[in-house]
Amino acid sequence: MEQSRIVITGLGLTSPNGNTIQEYRKNLLDGVAGVQLIDVRYMGQQPAGVCDFDPKKYQSRKELRVGTRAASIAIYCAHEAVTSAGLDFDGLDKSRIGVYIGTTEHGNVETENEVYNISKFDYDTRYWTHHHNPRTVANNPAGEITINMGITGPHYTIGAACAAGNAGLIQAAQMLRLGEVDLALAGGVSESIQTFGIFAGFKSQGALGSHEDVSKASRPFDKSRNGIVVSEGGAIYTLERLEDAQARGANILAEIIGYRINSDASDYVLPNPVRQAECMRAALANAGIEPGDVDIVNTHATSTPMGDIQEIKAIREVFGDCPTTYVNNTKSFIGHAMGAAGALELAGNLPSFEDNIVHPTINIEDLDPECALPNLVINEPRKVDAVKVILNNSFGMLGINSALIVRKFEG
Amino acid sequence: MTEDQVKQIVIDIINEIAPDEDTSGIKGDIALREQMDLDSMDFLDIVMELRKQHGIEVPEAEYPQLASLDSCATYLTPKFNEK
């Protein structure tokens, strides 16, 4: 069956080190991390990635009071994406727009806040807010986008742990191919820094990152790495069928040429390099390319002692014989943006199609030999002959793996 | 507590829950919803804030008493003074 080609035509993002693609990319090339200490309820100061976009740019103060942080991030990114795509949004048929937003989790923040609130009233549930349910339904971040922008097509979130950013984009590509929508707003968001439960959970698991210099707390592949830095953020793209994008003369940022989601079926939290390798190989087959055709592999590595080794093992298995395939990592700059991670990390690499530079993974003072790869781009950006294909890894708990492959659009 | 003081308490709550609204020229005898962009969830917020901030309970059957600033004052002032 002949399938429509799916292209990315717009991008909006907020990251702990940038609120536009230009600012974000500059910091990725200049080695500027975006991690700081924040006060986490019951836990005190913890490293985290915090975004400083202006939420009032697209929302009223009342919307901000009633809605969620995840939705606020989503609304900001969605508006920025539409603007970046050069779409005549007012002239579009809003019933033909789909909103597909990846989230690692949703509702923890709002539930914790309400439990804390009623703790001040002797746990009397009469003080529990009526906003709780609309804030915590799983579709909240996507639904608030539709309300804010007047979109009447389908909307939902894709719960896919930390593979969710890729999963949002994959869902959008599929819905465009099915003809369910003509334009998709898709990607991932995270508000996770506001839930102490995520921090405490990682801490109990022995997987919460720290360092006396907070900007080095997230340091995948470094021998001294000791865990994850939790971040908030978002990246939302406009996706269209190629023929529609060309008909309106859109600027095409990339083409989605292949993807795969699979499952480890082995453990709740421990990654499985065999399945990760299978996932990457299946995505390559789906794209109809060979491993050596890939110029950048953006790793998922989260700075945990075991997870980083396992992913490198999988990458070595697939790309071991590929001298022009470079490997990098974005979490070393911004921490782990959870549901936003896949979408945000892809965004950080897309400008490589224009500048042919591979952003590095930073904070490596002592490379773990078990994480060593000949083409791991360490601490300094690498100028290469050409970047035409990027493979973006995003993995998550319960053994969900995703690999998304995009190609520079050249007709 | 006077009715004017109760009106000010209600206005303060509206300023909190609907921060985009201009409450400076609210007319006491006209329904709040006709003068401002307030929905049913906002009225539930008013009820919640009366409970949280002032210990005032408004039973659901009596929500219509909160329709205008004047009716709020008439209905709520005795409640404040009974506390």
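Letters A, B, ... mirror the listed sequences (proteins, then strands); counts begin at 1.
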Over 12 non-hydrogen atoms of neighbours within 6.0 angstrom of [atom1] in [X]:
{"X": "B/Tyr63", "atom1": "OH", "value": "yes"}
{"X": "B/Lys27", "atom1": "NZ", "value": "no"}
{"X": "A/Lys203", "atom1": "NZ", "value": "no"}

Item checked: Heavy-atom proximity to chain B below 4.5 Å, by part of A/Phe121 ->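 Side chain only.
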Check: In Å, rounded to the nearest 0.5 Å, how long is the span from CE of B/Met41 to OG1 of A/Thr129?
Finding: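 Reported to 0.5 Å precision, the distance equals 7.0 Å.
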Can you tell me which portion of [X] sits under 4.5 Å from chain A's heavy atoms? Options are side chain, backbone, both or neither.
{"X": "B/Met48", "answer": "side chain"}
{"X": "B/Glu57", "answer": "side chain"}
{"X": "B/Asp45", "answer": "both"}

Margin query: Below 4.5 Å, heavy-atom pairs only: which of A/Glu63, A/His131, A/Arg126, A/His130 has the largest tally toward chain B?
Written below: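 Option with the greatest count: A/His130.
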Check: With no hydrogens and no angle check, is any side-chain donor or acceptor of B/Arg51 less than 3.5 Å from a backbone partner on A/Tyr127?
Finding: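 No, because the side chain of B/Arg51 does not come within donor-acceptor range (under 3.5 Å) of the backbone of A/Tyr127.
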Margin query: Donor-acceptor check, side chain of A/Lys62 to backbone of B/Asp42, threshold 3.5 angstrom: yes or no?
Written below: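 Between the backbone of B/Asp42 and the side chain of A/Lys62 there is no qualifying donor-acceptor contact (under 3.5 Å).
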